[in-house]
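As structure tokens, the structure follows; a few thoughts come after it.
Counting starts at 1 for both ligands and their atoms, following the listed order. The structure displayed is predicted, hence computed values, not measured ones. In what follows, every heavy atom counts, from backbone to side chain, and hydrogens, waters and symmetry copies are set aside.
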Amino acid sequence: MTIESSTRTGESHDYRDSGLEFPTGFLIGSATAAYQIEGAATADGRGPSIWDTFSATPGKIVDGDTGAVADDHYHRLDEDLDLMAELGLEAYRFSIAWPRIQPLGSGAVNEAGLAFYSRLVDGLIARGIRPIATLYHWDLPQALEDAGGWTDRETAYRFAEYTRHVAEALGDRVPVWTTLNEPWCSAFLGYGSGAHAPGRTDGAAALRAMHHLNLAHGLAVQVLREVVPRAEVSVTLNFHVVRGADDSSSEAVRRIDALANRAFTEPMLNGGYPADLIEDTASVTDWSFVLPGDAEIIRQPLDFLGVNYYSTTRVRMWDGVSPRERADGHKAAGGSPWPGSDQVEFLRQDGPYTAMGWNIAPDGFEDLLLSLHRRFPGLPLMITENGAAFDDEVIGDRVFDDQRTDYLRRHFTAAHRAMQQGVDLRGYLVWSLLDNFEWGYGFSKRFGIVHVDYATQKRTVKDSGRWLASLIESRVIPG
Ligand code: FCB
């Protein structure tokens, strides 16, 4: 599924269109994730997750930050719901913290944990905001990691049980479900590079984890179809838009596309792992973790595909002298997130850049949407994350974040252009509603359309938030 550079013709486009109109029914909203905003890490019976353990480990997170308090969203739910209503959000994508529901990852349900999400869902519905629930956004209960984590097949079955508990409790009110957020990150950053929790650096473990995440997805979809047959069900993937650095880079592009994209789309949507992926990783693993029948479990019809997009990736085969400084957009850590393909070199790309150092490339976004549409015709798409970090400052009562507004405007333009070319795009959720705990970068990176002062927990709507509110209200990209 390589993502070809688009079908754009003529002069290059700057993606700063205004006046483009989105149809009614195209959902525009925002997204967050539990560990990044909730805080209240030990409240009401919540158990520890791998991110509590990882962030408490010295050296893992910039400035030693943790999500123990974060935005204190758990205790400020009503205020944050009012903020969403003030912005006019049509949809809100949140994640459910498994360790609040089952503190040890299995067994009895913690009713107080469920009650929080029940209140959240009711609060959204009361404000006319469509709830979109993600079941897993990286916060595995630590007890399950202690038993092997995602390298253990049993974890997939525990996930299906957890899914059943949540679906039974919230299924009457949540119309849209996402099984996993970015399983590539869970597997390859969590178990391969070690930049994410649980911080393991073992390529074979990363590939096992990948398979068990795929299996968990399939099992969870089966449960959701049974418990909430009328709900829409999806998964969210972080597609890598891989570009070759020169004409001889097609091998590098193929390898990274296999590990980053097709390792998930092929089993989930087509029923099996790509032969080239199996071959590329043969020196790392024998793939004996794939059991007969797994392909059928993993391949489940989906109602739409969730797409997270931030920037593009540029690669070529390493010339054998010495690998350049890592420039794959992921925080450098001990191990490799690309098992079997360490000879691929990631090159720094042309700017402009966000505060993450990620290149701003709305053309890559358009290309991605078009190629997914061509590759999986008939499967609707939804942007479940897109946004940018910049170094914001509150001046008076305002945050003049023109760069973020420009980023959003250019990416909304790209999405609109894709829709004009026939892509069935159902919605667009901006990452993120609030500044929050940005994983290995802690609180040093701000992605919010609402600023959070971590000392006082004061929320200030940024100019980009006002821009989004105006887009939602008018359905037209503001000038
Ligand atoms: C994605 C994650 C999300 C956030 C953004 C910036 O990979 O899903 O939680 O960290 O990146």
For L77, side-chain contact (heavy atoms from CB on, under 4.5 Å) partners two or more places apart: H73, L81, F116, R119, L120
Exam field: side chain S95 to backbone A34, donor-acceptor pair closer than 3.5 Å: yes
Salt bridge (charged side-chain N to carboxylate O under 4.0 Å, His left out) contacts in which one or both residues fall within residues 185-210, not counting sequence neighbours: E145-R200
Geometric cation-pi criterion, R348 with Y353: 6.0 Å, 45°: yes
All side-chain contact (heavy atoms from CB on, under 4.5 Å) counterparts of V452, not counting sequence neighbours: D71, L434, D435, Y454, Q457, R459
When you pair each N or O of ligand 1 with protein N or O atoms, which pairs come out under 3.5 Å?
{"unit_1": "ligand 1", "atom_1": "7 (O)", "unit_2": "E182", "atom_2": "OE1", "d": "2.5"}
{"unit_1": "ligand 1", "atom_1": "7 (O)", "unit_2": "E182", "atom_2": "OE2", "d": "3.0"}
{"unit_1": "ligand 1", "atom_1": "8 (O)", "unit_2": "H137", "atom_2": "NE2", "d": "3.3"}
{"unit_1": "ligand 1", "atom_1": "8 (O)", "unit_2": "N181", "atom_2": "ND2", "d": "3.0"}
{"unit_1": "ligand 1", "atom_1": "8 (O)", "unit_2": "E182", "atom_2": "OE1", "d": "3.4"}
{"unit_1": "ligand 1", "atom_1": "8 (O)", "unit_2": "E182", "atom_2": "OE2", "d": "3.4"}
{"unit_1": "ligand 1", "atom_1": "8 (O)", "unit_2": "E385", "atom_2": "OE1", "d": "3.1"}
{"unit_1": "ligand 1", "atom_1": "8 (O)", "unit_2": "E385", "atom_2": "OE2", "d": "2.9"}
{"unit_1": "ligand 1", "atom_1": "9 (O)", "unit_2": "Q36", "atom_2": "OE1", "d": "2.7"}
{"unit_1": "ligand 1", "atom_1": "9 (O)", "unit_2": "H137", "atom_2": "NE2", "d": "2.8"}
{"unit_1": "ligand 1", "atom_1": "9 (O)", "unit_2": "W439", "atom_2": "NE1", "d": "3.0"}
{"unit_1": "ligand 1", "atom_1": "10 (O)", "unit_2": "Q36", "atom_2": "NE2", "d": "3.4"}
{"unit_1": "ligand 1", "atom_1": "10 (O)", "unit_2": "E438", "atom_2": "OE1", "d": "2.7"}
{"unit_1": "ligand 1", "atom_1": "10 (O)", "unit_2": "E438", "atom_2": "OE2", "d": "3.1"}
{"unit_1": "ligand 1", "atom_1": "10 (O)", "unit_2": "W439", "atom_2": "NE1", "d": "2.9"}

Stacked cation flag R46 on Y74, 6.0 angstrom / 45 deg: no
